[in-house]
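See structure below.
Just so you know, residue 1 is the first one in the sequence shown, and it goes up from there.
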Amino acid sequence: MKITKANGKVEYALIEKLKKRSQETDNKTVKRVSTIIKGVKEGGDEAVREYTVRFDGGVPKKTVVEKEELNAYLETVDASFRTALENAKKNIYDFHSRQLQQSWMTTKENGVIMGQRVRGLERVGIYVPGGTAAYPSSVLMNAIPARIAGVKEIIMVTPPGKDGNPNPSIMAAAAIAGVDKVFLVGGAQAIAALAYGTETIPKVDKIVGPGNIFVATAKRLLYGIVDIDMVAGPSEILIVADKTADPAFLAADLMSQAEHDKLASAILLSTSGDLAKSTLHEIEKQIKTLERKDIIKESLDKFGEIIVCEDIQQAIRFANELAPEHLELCISEPLKYIGRIDNAGSVFLGNWSPEPLGDYYAGPNHVLPTSGTARFFSPLSVDSFIKKSSFIYYTCNELRNAKDDIIKLAETEGLTAHANSIKVRFE
């Protein structure tokens, strides 16, 4: 990582550099995924089997795990891991239960009734990667808000391991989170199956969960046929730190995101040049003991940077421009600045609120907007799994009172049938 000084140019050049790392999916990938989607739409289960054999080497003997069978996986995992999942579930549930919206209705004195009905989606599909990219925490973060929202059925798809069996940690998390059924299939074919439905895999209303480039491309191409959470880009963290921060903490937090992916970005904005140098020294010291140090090195080399700012205000302005997925405020009075953070997926306040706390345990969702989309997207929430309908009831007298305005608006737009719909009631 290099240390530079903010000058109104270098920091914004960094933003442009980060944008380029999340380039549009190449045409070759789009074409390949489009073929898979078309094949599954037309061929159903048989097409899913063919693609699974082609890409994964074979189809597992058991392809469906019913809800009753999921609980058995709780006995196959370490007891301390199970306890950690249960504790995390409680925190996630407590946080998200506060997001639940209620249906409402209002009646005016003139007899007009209006309102909104809120209910959960019928069926949701959760994609969970397998193998080395298996994240049980993502199962909790996706399934628990859906359950709180009132989703009637939660379907999970996940590719099996080379032995044909699912990852036990993922299955244990599915049991704890309340998943109803699991299908052992992965890749773009799993996304297509959830979107269109097959003879055995039911069609869902929404697909959530992370995946590789083929999974992400399938979700993007199928948006509209089915709803999706978001098309996530590489992970990112931005830390704003003053002289009160601990360089050992900063180094550790930067690397916690850099280990995700060679395209991940880790940026430190510091008001202290000495702190910047100490943090760089700590990175060199700590990285030696980390298992994914090669990935971390490449990530920090290509997309990591330490920028020395004039003051906290300048750092906050840059943070709002970058709109990072994760933002840490490692400063003396972090709560003083929370109202000034307009664009960030999740904000971590103080030296004792590191980003992994949010990834696993605290309660707020870790499915967050990336690549600057925090300017207009929000984290996954209970709202992601509900739908709303409005309703209107007017009396004859109140429609008569409103008819002239409605007719005028309709005729101005040239929609005479709209106007006629009102007129015919009073002729």
Side-chain angles (χ1 to χ4, degrees), residues 25-70 72-73 121-134 138-139 142-143 146 151-168 170-171 174 179-229 231:
T25 307
D26 65 87
N27 291 332
K28 189 175 180 180
T29 301
V30 171
K31 185 176 180 180
R32 187 177 179 184
V33 172
S34 296
T35 300
I36 295 171
I37 291 173
K38 184 175 184 292
V40 172
K41 181 182 179 182
E42 296 175 352
D45 283 340
E46 184 57 36
V48 171
R49 282 192 291 269
E50 289 178 4
Y51 288 124
T52 300
V53 171
R54 186 186 307 178
F55 300 131
D56 299 332
V59 178
K61 293 180 180 179
K62 186 178 183 63
T63 58
V64 185
V65 180
E66 301 289 344
K67 189 170 186 177
E68 301 76 36
E69 302 174 71
L70 284 174
Y73 283 92
L121 298 176
E122 185 75 19
R123 185 184 292 121
V124 165
I126 299 176
Y127 187 92
V128 181
T132 57
S138 286
V139 180
N142 283 281
V151 172
K152 294 181 180 178
E153 187 176 16
I154 301 175
I155 303 296
M156 190 173 94
V157 293
T158 185
K162 293 181 179 180
D163 61 358
N165 296 313
N167 183 298
I170 288 176
M171 301 300 274
V179 170
D180 292 301
K181 186 179 293 186
V182 178
F183 291 90
L184 302 184
V185 59
Q189 62 269 27
I191 301 299
L194 289 173
Y196 289 111
T198 68
E199 297 89 333
T200 58
I201 301 176
K203 178 181 179 180
V204 303
D205 301 310
K206 184 164 188 165
I207 302 172
V208 298
N212 62 20
I213 186 64
F214 298 103
V215 169
T217 301
K219 286 171 66 177
R220 181 168 62 84
L221 292 175
L222 287 164
Y223 176 62
I225 302 297
V226 65
D227 192 19
I228 63 172
D229 48 357
V231 179

**Prompt:** With a 4.5 Å limit on heavy-atom distance, are the side chains of Arg220 and Val30 in contact?
**Reply:** yes

**Asked** Looking at side-chain heavy atoms only, is the closest gap between Arg49 and Gln189 below 4.5 Å?
**Response** no

**Request:** For the pair Asp180 and Arg123, find out whether any cationic side-chain nitrogen is under 4.0 Å from an anionic carboxylate oxygen.
**Result:** no

**Prompt:** Out of curiosity, Asp45 CG to Glu199 CD, how far, rounded to the nearest 0.5 Å?
**Reply:** 4.0 Å

**Check against side-chain contact (heavy atoms from CB on, under 4.5 Å), Phe183 and Val48** = CA-CA 11 Å; Phe183 291 90; Val48 171; over 6 Å; no

**Prompt:** Do side-chain atoms of Glu46 reach the backbone of Gly43 as a donor and acceptor pair under 3.5 angstrom?
**Reply:** no

**Message:** More than 12 heavy atoms of other residues, nucleotides or ligands under 6.0 Å from NZ of Lys152: yes or no?
**Reply:** no

**pair Ile170-Val182: side-chain heavy atoms closer than 4.5 Å** = no

**Message:** Donor-acceptor pair, distance only, cut-off 3.5 Å: does the side chain of Asp229 make one with the backbone of Gly209?
**Reply:** yes

**Message:** Any non-hydrogen side-chain atom of Leu222 less than 4.5 Å from a side-chain atom of Ile228?
**Reply:** no

**Prompt:** Considering residues, nucleotides and ligands other than Tyr223, do more than 12 of their heavy atoms fall under 6.0 Å from its OH?
**Reply:** no

**Request:** Specify the closest pair of heavy atoms between Gly39 and Tyr51, including all atoms of both residues, with the distance to one decimal.
**Result:** CA-OH, 3.8 Å

**Message:** Just so I know, are the side chains of Met156 and Lys181 near enough to count as touching, which here means a heavy-atom distance under 4.5 Å?
**Reply:** no

**Request:** Starting at CG of Asn142, measure out to CD1 of Ile154 and round the result to the nearest 0.5 Å.
**Result:** 9.5 Å

**Message:** Within the 4.5 Å heavy-atom criterion, are Ser34 and Leu221 side-chain neighbours or not?
**Reply:** yes

**Prompt:** Taking all atoms of both residues into account, what is the closest heavy-atom pair of Thr198 and Ala193, and its distance?
**Reply:** CG2-CB, 3.8 Å

**Prompt:** Do Val204 and Val124 come within less than 4.5 Å of each other through their side chains, counting heavy atoms only?
**Reply:** no

**Asked** Salt-bridged, Arg54 to Glu50, with N to O below 4.0 Å?
**Response** no

**Request:** Would you indicate whether the side-chain heavy atoms of Leu194 and Ile155 approach each other to under 4.5 Å?
**Result:** yes

**Fill in**
Pro168 and Tyr73 have their tightest heavy-atom pair at CA-CD2, 4.1 Å

**Fill in**
Tightest non-hydrogen contact, residues Ala190 and Val185, listed as CB-O, 3.7 Å

**Message:** Quick check against the 3.5 Å criterion: does Thr158 have a side-chain atom that pairs as donor or acceptor with the backbone of Val128?
**Reply:** yes

**Prompt:** If you look at every heavy atom in Thr29 and Ile213, which pair is closest and at what distance?
**Reply:** CG2-CG1, 4.2 Å

**Closest approach of Pro166 to Leu184 (non-hydrogen atoms, all atoms of both residues)** = CB-CD2, 3.7 Å

